[in-house]
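Let me begin by presenting the structure, written as structure tokens, before commenting on it.
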Amino acid sequence: MKRIFLLIAVAMGLAAVSAEAQQQPVRYNKQATYNNPGQLRFGIRAGVNLADWEGETMQSVQDLIDMSAGYASREMRTGFHVGTYLSIPVAPGFEIEPGLQYSQKGMVLRGRIPLEQFDFVNANVTLTNKAEYLDLPVLAKVYVGEGFHIFAGPQVSYLLSNKVSAEAGAFGFKALNQEWDMKSGFRELDVAVTGGLGYKFASGLNISAGYDYGLSSIDSRNNFDTFNRVIKASVGFTF
């Protein structure tokens with residue numbers, strides 16, 4: 001939860017510094033929001049991802065981690081997303097926003113030798129699943145105040161690549177750094193719902209924080225029950 005608030009704070013801070021000297025917030029009444037009812041607007045967006053897996057299989061993994069007495073841990077993979085979108089005005093204070101973006105997902109497992117007498121060796125292993133997707137969200141966006149809006153909608157994602165990297169080291173030196181292609185066995189199409197909140201300035205600058213909730217198991221053979229989860233913080237511009 002602290003990471004979520006940190007991402008939102010960073011996005012808010014960047015936007016505030018950029019916007020303070022050049023614009024006032026948009027006043028989203030009926031006249032300001034929908035004064036050009038037929039005008040389509042193009043935008044770009046980029047930001048940070050905190051990705052993880054969730055499901056019955058991952059709960060079993062977490063149970064084992066909890067039994068490791070701190071010698072193993074599971075972490076979110078930090079990545080990024082970047083893409084474009086089209087704002088389609090439908091009614092006062094309401095827009096439909098289809099988009100297309102590249103997005104990094106996955107998760108991280110870390111471990112070290114589970115014996116205190118070997119702590120001085122600092123031997124550790126890190127396994128990272130690096131999943132790269134092309135996301136196609138279709139969002140419904142509702143303005144609820146001066147620039148503030150909420151959004152939600154379905155999202156279909158195509159798996160571009162999926163790799164697993166292994167890093168191992170001891171005494172501060174890296175002994176292993178290898179990567180394998182693991183796309184086979186992973187579902188190419190992932191279906192999710194996404195939603196969040198944001199703020200838009202009169203210049204077109206906008207910030208948002210959202211969450212992707214995967215509905216399709218990432219395993220194409222359905223041997224394990226695991227779903228994508230992604231926290232996102234974004235900065236964008238509507239032209």
Let me check something: do [X] and [Y] share a hydrophobic cluster, defined by ILVMFWY side-chain heavy atoms less than 4.5 Å apart, either directly or through other members?
{"X": "L160", "Y": "W53", "result": "no"}
{"X": "F151", "Y": "F94", "result": "no"}
{"X": "L134", "Y": "V82", "result": "yes"}
{"X": "V156", "Y": "I218", "result": "no"}
{"X": "L100", "Y": "I96", "result": "no"}

Out of curiosity, [X] [atom1] to [Y] [atom2], how far, rounded to the nearest 0.5 Å?
{"X": "Y199", "Y": "Y143", "atom1": "OH", "atom2": "OH", "answer": "11.5 Å"}
{"X": "L109", "Y": "T126", "atom1": "CG", "atom2": "OG1", "answer": "9.0 Å"}
{"X": "T128", "Y": "K163", "atom1": "OG1", "atom2": "NZ", "answer": "13.5 Å"}
{"X": "Y85", "Y": "T238", "atom1": "OH", "atom2": "OG1", "answer": "2.5 Å"}
{"X": "M58", "Y": "I65", "atom1": "CE", "atom2": "CD1", "answer": "6.5 Å"}

In the structure I gave you, are the side-chain heavy atoms of [X] and [Y] within less than 4.5 Å of one another anywhere?
{"X": "L215", "Y": "P154", "answer": "no"}
{"X": "Y102", "Y": "H81", "answer": "no"}
{"X": "P89", "Y": "L40", "answer": "yes"}
{"X": "F239", "Y": "I44", "answer": "yes"}
{"X": "S73", "Y": "E75", "answer": "yes"}

Tell me the closest heavy-atom pair linking [X] and [Y], and the distance in Å.
{"X": "N162", "Y": "A131", "result": "OD1-CB, 3.3 Å"}
{"X": "A51", "Y": "V230", "result": "CB-CG2, 4.2 Å"}
{"X": "L139", "Y": "T194", "result": "CD2-CG2, 3.4 Å"}
{"X": "A166", "Y": "L127", "result": "CB-CD2, 3.6 Å"}
{"X": "K105", "Y": "R77", "result": "O-NH1, 2.7 Å"}
{"X": "N49", "Y": "S103", "result": "ND2-OG, 2.8 Å"}

Checking side chain to side chain contact (heavy atoms under 4.5 Å, CB included) for the pair R110/N124: CA distance, chi angles, key distance, verdict? CA-CA 7 Å; R110 299 188 190 275; N124 58 83; over 6 Å; no

Salt-bridged, R41 to E95, with N to O below 4.0 Å? no

Ignoring hydrogens and geometry, is there a side-chain-to-backbone donor-acceptor pair from [X] to [Y] under 3.5 Å?
{"X": "K200", "Y": "H149", "result": "no"}
{"X": "T57", "Y": "D225", "result": "yes"}
{"X": "Y133", "Y": "Q101", "result": "no"}
{"X": "E54", "Y": "F227", "result": "no"}
{"X": "N129", "Y": "M107", "result": "no"}
{"X": "N206", "Y": "G204", "result": "yes"}

V235 and L205: side chain to side chain contact (heavy atoms under 4.5 Å, CB included), yes or no, with the steps? CA-CA 8 Å; V235 177; L205 180 70; 4.0 Å; yes

Side chains of D135 and S157: any donor to acceptor distance under 3.5 Å? yes

Sequence neighbours left out, cut at 3.5 Å: what donor-acceptor pairs do the side chains of residues 184-193 make with other protein atoms?
from : atom 1 : to   : atom 2 : distance (Å)
R187 : NE     : S217 : O      : 2.7
R187 : NH2    : D219 : O      : 3.2
R187 : NH2    : N222 : OD1    : 3.0
D190 : OD2    : N228 : ND2    : 3.3

Check the pair T84, F42 against side chain to side chain contact (heavy atoms under 4.5 Å, CB included), reporting the backbone distance first and the verdict last. CA-CA 8 Å; T84 184; F42 164 81; 2.6 Å; yes

Kindly give the cluster partners of V108, where membership spreads through any ILVMFWY side chain lying under 4.5 Å from a current member. none

With a cut-off of 6.0 Å (strictly less than), are more than 12 heavy atoms of other residues, nucleotides or ligands near CD of Q62? yes

What residues, two or more places apart in sequence or in another chain, satisfy salt bridge (Lys or Arg N to Asp or Glu O under 4.0 Å) together with R74? D52

cation_pi(R45, F237) dist<6.0 Å, angle<=45: no

Quick one, D212 with K232, criterion side chain to side chain contact (heavy atoms under 4.5 Å, CB included). Give me CA distance, side-chain angles, the key distance, then yes/no. CA-CA 8 Å; D212 294 351; K232 300 184 293 188; 3.1 Å; yes

